[in-house]
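Contents: one structure, followed by commentary.
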Amino acid sequence: MAAPPQAPHAPERTVIENCAVATVDAQDTEHPSGHVVVAGNRIESVGPGPAPAGLTGVVRRVDGTGHLVTPGLVNTHHHFYQWLTRGLAQDSALFDWLVALYPTWARIDEEMVYAAARGSLAMMVRGGVTTAMDHHYVFPRGSGDLLGAEIRAAREMGVRFSPTRGSMDRGRSDGGLPPDFAVETTEAALIATEEAIDTYHDPAFDSMLRIGVAPCSPFSVSTELLREAAVLARRKGVRLHTHGSETVEEEQFCKELFGMGPTDYFESTGWLGDDVWMAHCVHMNDTDIAAFARTGTGVGHCPSSNARIAAGTARVPDLLRAGVPVGLGVDGTASNESGELHTELRNALLIHRLAGGATALKVRQVLRMGTYGGAQVLGRAQETGSLEPGKLADLVLWKLDGLGHSTIADPVAALVLGAAAPVTLSLINGRAVVEDGRLTTVDEDAIARGARDASRRLARVAAGD
């Protein structure tokens, strides 16, 4: 006799109540005192007042009094390996900064990248990032499985991860900046990129790992690599990423070598589209912005890094008005030593008000860039980036009743304008990864020691010891 069918397993629920709620949905719905119910790895309900009565399977209730709950932050641009070279080339603009650091970066290996990824991820996740991105493009010969090292670090931490397999095929002997042994041939770069997609990419709705294709920049890759990478990405159904229009020097380079500016060059190689996002996009004219808006090309805005290396101020208010998708990025921590995305909320607001006046950006626009805008840029806006029933349970509970924030009545203004807010609870895919400001899945102190040791070893290797 056949066994009777088993009843479907009831999901475990987490209930967060009595907190301010900023959903960042299409209407920017907010509740001064509301709730979020998580069932398994999905958001089940969001609304004003207490959670619905009679919920079953509740394994945790959180009293959010004095807190704000938001979608988790989404980082759209980073270079994890640079965690090991923070604080160097302190007074250099981009090209001089690259020339100073490439000889060191060209000595990285798998163990170093693993330590750097753990440090980069730990700093972001502890500060409210739930979806991380990395652009790794330095693959010295014989250095091991560098992309795999990053992926291992992200899995151990439990963060949703969108790494991109970067590449460079223009070394110093071809007019590029990196040493020749730190670049690949065009063919090798394309083969390795396709292998990375085949090995790691997961297109599922609740995927924790999606791979992108990311040649480094117009001045470090050949036109052939740029064009063929776009063909590869579209054949595989994955997203495209690169640096674009970061400095005046890049614009001059493109005009001298290709007879056109960066945006026109990207369009000529198939690099504009709603499956593309570019980091920085600082030096863009009205025609460039219109091209991005027309094609749905996204932007990863990195205000602190742009300021640190004096790249300039991106026209973010104009990009947003034109309808260009814009998210926030940390960028590599050799040009943003804090490595935190939540500080970018405040920095973005302040930098653009300096450039464009007191209404250039508003606090809720900045929160949207750091959450939904980032998800949109990474192609995940259907799954995360806002607090809505059916979306993935990636959310952050920010403590706003302490010394740094208790006199700011507007909780969103407290988060954006105030000091970096402590994270009481962060859920990624429904799992607690931060509790009371500490990571729950890894040992922060061990990560700090490992990164310090790797940084010192890299410095010794680069110095020839």
Ignoring hydrogens and angles, tell me if any N or O in the side chain of [X] forms a donor-acceptor pair with the backbone of [Y] under 3.5 Å.
| X | Y | answer |
| --- | --- | --- |
| D394 | N429 | yes |
| D288 | T263 | no |
| R165 | V213 | no |
| R239 | V377 | yes |
| E150 | L147 | no |
| E110 | D145 | yes |
| N347 | P303 | no |
| E250 | E246 | yes |
| R172 | D180 | no |
| W105 | V138 | no |

TODO: Please determine which of H135, H280, H78 meets the ring-ring contact (aromatic ring centres under 6.0 Å, His included) test together with H241.
DONE: H135

Contact between [X] and [Y] at the side-chain level, heavy atoms closer than 4.5 Å - yes or no?
| X | Y | value |
| --- | --- | --- |
| N41 | L392 | yes |
| L400 | I408 | no |
| C216 | H243 | yes |
| L458 | I108 | yes |
| F266 | P218 | yes |
| P71 | L367 | no |
| L395 | T130 | no |
| N336 | Q82 | no |

So, taking the atom named [atom1] in [X] and the one named [atom2] in [Y], what distance separates them when rounded to the nearest 0.5 Å?
| X | Y | atom1 | atom2 | result |
| --- | --- | --- | --- | --- |
| L68 | T70 | CG | OG1 | 6.0 Å |
| R380 | R210 | CZ | CZ | 3.5 Å |
| T76 | L341 | OG1 | CG | 7.5 Å |
| S207 | F205 | OG | CZ | 11.5 Å |
| S92 | L98 | OG | CG | 9.5 Å |
| E194 | H201 | CD | NE2 | 13.0 Å |

Least distance between heavy atoms, [X] atom then [Y] atom:
| X | Y | answer |
| --- | --- | --- |
| S222 | T186 | OG-OG1, 3.8 Å |
| L387 | A22 | CD1-O, 3.8 Å |
| S167 | V221 | O-CG1, 3.4 Å |
| L226 | P215 | CD1-CB, 4.0 Å |
| A393 | I43 | CA-CG1, 3.9 Å |
| T384 | A375 | O-CB, 3.5 Å |

If you draw a 6.0 Å radius around [atom1] in [X], do more than 12 non-hydrogen atoms from other residues or ligands fall strictly inside?
| X | atom1 | result |
| --- | --- | --- |
| E444 | CD | yes |
| E187 | CD | no |
| E249 | CD | yes |
| K236 | NZ | yes |

TODO: Just do the side chain to side chain contact (heavy atoms under 4.5 Å, CB included) check on H136 and V113 with the steps written out, would you?
DONE: CA-CA 10 Å; H136 190 90; V113 169; 4.1 Å; yes

Task: T164 side chain to Y137 side chain, donor-acceptor N/O pair below 3.5 angstrom - done: no

- [ ] Determine whether the side chains of T23 and E388 contain a donor N or O and an acceptor N or O closer than 3.5 Å.
- [x] no

- [ ] Tell me, with the steps shown, if V129 and L73 meet side chain to side chain contact (heavy atoms under 4.5 Å, CB included).
- [x] CA-CA 4 Å; V129 167; L73 301 181; 4.1 Å; yes

Task: Qualifying residues under side chain to side chain contact (heavy atoms under 4.5 Å, CB included), relative to F181, sequence neighbours excluded - done: A106, R107, R141, P179

- [ ] Using the side chain to side chain contact (heavy atoms under 4.5 Å, CB included) rule, take V276 and F292 through it: C-alpha gap first, then chi angles, then the decisive distance, then the call.
- [x] CA-CA 10 Å; V276 178; F292 270 51; over 6 Å; no

Ignoring hydrogens and angles, write down the donor-acceptor pairs under 3.5 Å from the side chains of residues 445-454, residues two or more places apart or on other chains.
none

Open item on the list: As a quick check of understanding, evaluate salt bridge (charged side-chain N to carboxylate O under 4.0 Å, His left out) for K391 and D25, giving each step before the final call.
Closed with: CA-CA 11 Å; K391 282 199 165 186; D25 64 8; over 6 Å; no

Task: Criterion side chain to side chain contact (heavy atoms under 4.5 Å, CB included) on Y265 and T223, from CA distance to verdict - done: CA-CA 9 Å; Y265 176 60; T223 299; 2.6 Å; yes

TODO: Check the angle between the aromatic planes of W398 and H342 and answer parallel, tilted or perpendicular using the 30° and 60° thresholds.
DONE: parallel

